[in-house]
Amino acid sequence: MVLHGGHRHHFARGVHLFGCHLGEADSPHLARLHRVCQCADFVLALPIGAVAAATGVSARLLRYYEEQNLLAPARTSSGQRRYDESDIEPVGRIRRLLDAGLPTHVIAEILACACRGSGDVEPCLDPLLRDQLARLDARLTQLAFHHERLTELTSRPAAFSTNPSDRNYDPGLQLSGRRSQ
DNA sequence: ATTCTCACA
DNA sequence: TGTGAGGA
């Protein structure tokens with residue numbers, strides 16, 4: 001059971017369980033506090049700030065991930081997002097997949113695969129990952145091509161330049177870290 | 001104080 | 001893929 005909507009006034013005075021005061025509703029430690037009380041048969045609804053504190057991912061980004069269909073938190077009657085602890089783990093997973101350069105629509109596909117094993121990506125999705133790797137290679141090749149052509153364009157005028165900073169040209173700086181597709 | 005949506009790079 | 005503005 002997820003507490004939200006009409007239960008908001010309960011949170012205003014902190015969270016109580018069997019008469020014990022567990023902490024304030026917006027406390028960053030709420031997730032941990034609930035873990036201590038696993039005897040409870042309901043799931044506490046976490047506001048976005050608590051999830052941000054628990055995961056290290058900003059509230060702004062959590063909203064963005066929802067917009068990209070990577071998360072689907074519940075809403076209170078006033079429209080505020082209410083997460084539960086089962087939303088915590090996916091956030092870290094999303095971060096790791098983004099760090100691998102995967103676009104959000106691919107990550108959504110990966111998250112949709114319910115047959116979870118131990119890793120971040122199911123083995124059955126290996127073809128998908130290989131396809132992304134191929135796209136990355138293609139971009140790398142194109143970047144190398146652009147780098148060569150641009151070097152041709154810059155090195156000639158530089159030979160006639162009187163600007164001393166032209167001698168500090170570093171090809172490595174031409175590679176900026178952008179994502180694929 | 002926190003969270004919301006809309007708009008922008 | 002993210003961020004900033006501006007309001008409830």
Side-chain angles (χ1 to χ4, degrees), chain A residues 1-17 21-35 42-113 119-122 125 128-147 150 172-181:
Chain A
M1 170 188 180
V2 177
L3 300 178
H4 60 78
H7 299 84
R8 282 188 78 195
H9 56 285
H10 292 154
F11 289 117
R13 287 161 207 179
V15 176
H16 293 74
L17 180 65
H21 184 253
L22 298 181
E24 296 309 311
D26 293 338
S27 164
H29 306 300
L30 198 59
R32 192 181 65 80
L33 284 166
H34 181 243
R35 211 172 303 131
F42 58 83
V43 177
L44 291 177
L46 307 167
I48 194 168
V51 178
T55 61
V57 174
S58 72
R60 190 67 190 74
L61 268 186
L62 290 173
R63 294 190 196 98
Y64 170 67
Y65 294 158
E66 178 184 3
E67 183 183 282
Q68 298 300 307
N69 300 308
L70 304 182
L71 297 172
R75 296 286 184 131
T76 68
S77 52
S78 62
Q80 297 206 336
R81 293 166 178 82
R82 284 295 119 99
Y83 301 81
D84 60 68
E85 53 184 17
S86 69
D87 292 320
I88 301 290
E89 189 216 21
V91 174
R93 198 160 158 232
I94 290 166
R95 277 310 323 174
R96 290 188 294 275
L97 296 171
L98 283 170
D99 285 343
L102 297 173
T104 53
H105 74 268
V106 170
I107 296 176
E109 201 174 336
I110 292 173
L111 294 178
C113 187
D120 285 329
V121 184
E122 283 307 300
L125 292 176
L128 185 66
L129 296 187
R130 291 182 191 283
D131 179 65
Q132 288 301 312
L133 211 45
R135 291 175 186 275
L136 200 56
D137 286 337
R139 288 182 52 232
L140 229 38
T141 301
Q142 193 195 33
L143 276 177
F145 177 83
H146 286 160
H147 184 271
L150 188 54
L173 294 177
Q174 297 298 316
L175 286 172
S176 61
R178 308 206 66 88
R179 301 198 180 280
S180 79
Q181 209 183 358

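Computed from a predicted model, the values in this text were never measured in an experiment. Below, chains carry the letters A, B, ... as their sequence lines are ordered, and counting in each starts from 1.
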Engineer: Go through the steps for L97(A) and V121(A) under the test side chain to side chain contact (heavy atoms under 4.5 Å, CB included), then give the verdict.
Structural biologist: CA-CA 9 Å; L97(A) 296 171; V121(A) 184; 3.7 Å; yes
Engineer: Looking at the side chain of R75(A), which of dT5(B), dG2(C), dT3(B) is the nearest nucleotide?
Structural biologist: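 The closest nucleotide is dT5(B).
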Engineer: Is R95(A) near enough to dG2(C) that one of its side-chain N or O atoms lies under 4.0 angstrom from OP1 or OP2?
Structural biologist: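 Result: yes.
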Engineer: Starting at CZ of R139(A) and ending at C1' of dT1(C), how long is that distance when rounded to a whole Å?
Structural biologist: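 For the pair R139(A) CZ and dT1(C) C1', the rounded distance is 12 Å.
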Engineer: CZ/R96(A) to CG/L98(A) distance, rounded to the nearest 0.5 angstrom?
Structural biologist: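 Nearest 0.5 Å value for the CZ-CG distance: 11.0 Å.
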Engineer: Is there a side-chain contact between S78(A) and the phosphate of dT3(B), meaning an N or O under 4.0 Å from OP1 or OP2?
Structural biologist: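 For S78(A), the contact criterion (side-chain N or O under 4.0 Å from OP1 or OP2 of dT3(B)) is not met.
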Engineer: If we only count heavy atoms from C-beta on, is the I94(A) to V57(A) side-chain gap below 4.5 Å?
Structural biologist: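 Side chain of I94(A) against side chain of V57(A), heavy atoms only: no contact under 4.5 Å found.
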Engineer: Nearest whole Å is fine: how far is dT1(C) C1' from E66(A) CD?
Structural biologist: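 That distance rounds to 17 Å.
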Engineer: How long is the line joining CG of D99(A) and P of dT1(C), in whole Å?
Structural biologist: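 Atom CG in D99(A) sits about 12 Å away from atom P in dT1(C).
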Engineer: Dot-bracket for DNA chain C, 5' to 3', counting Watson-Crick or G-U wobble pairs under 3.5 Å, with [ ] for crossing pairs and | for inter-strand pairs?
Structural biologist: ||||||.|
Engineer: Short question: side chain of R82(A), backbone of A74(A) - any donor-acceptor pair under 3.5 Å?
Structural biologist: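 Flag not set: sc R82(A) to bb A74(A) has no pair under 3.5 Å.
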Engineer: Does some side-chain heavy atom of I88(A) sit less than 4.5 Å from a side-chain heavy atom of L46(A)?
Structural biologist: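 Yes, at least one pair of side-chain atoms sits under 4.5 Å.
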Engineer: Taking for each residue the nucleotide of DNA chain B bearing the nearest heavy atom, is the 5' side occupied by E67(A) or by I48(A)?
Structural biologist: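 Final value for this comparison: I48(A).
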Engineer: Write down the atom of L70(A), the atom of A108(A), and the distance for their closest heavy-atom approach.
Structural biologist: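 Result for this residue pair: CD2-N, 3.5 Å.
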Engineer: Does dC4(B) have OP1 or OP2 sitting under 4.0 Å from an N or O in the side chain of R81(A)?
Structural biologist: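 Result: yes.
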Engineer: Take the protein atom CD of Q80(A) and the nucleotide atom P of dT2(B), then report the distance between them rounded to whole Å.
Structural biologist: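 Roughly 12 Å, once rounded to whole Å.
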Engineer: Could you check whether any side-chain heavy atom of L62(A) comes within less than 4.5 Å of a side-chain heavy atom of V51(A), counting everything from C-beta outward?
Structural biologist: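 Answer yes - side chains close enough.
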Engineer: Could you note down all residue pairs passing side-chain hydrogen bond (donor to acceptor under 3.5 Å, both in side chains) where residues 60-69 of chain A supplies at least one of them, sequence neighbours left out?
Structural biologist: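 Listed once each, the pairs are Y65(A)-R95(A), E66(A)-R75(A), E66(A)-R81(A), Q68(A)-T104(A).
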Engineer: What one-letter contact string describes nucleotides 3-8 of chain C from 5' to 3', where B marks a base within less than 4.0 Å of any protein heavy atom, S marks contact via sugar-phosphate atoms alone, and - marks no contact?
Structural biologist: BB----
Engineer: For residues S58(A) and A52(A), report the shortest heavy-atom separation together with the two atoms involved.
Structural biologist: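 Closest pair (atom of S58(A), atom of A52(A), distance): C-CB, 4.1 Å.
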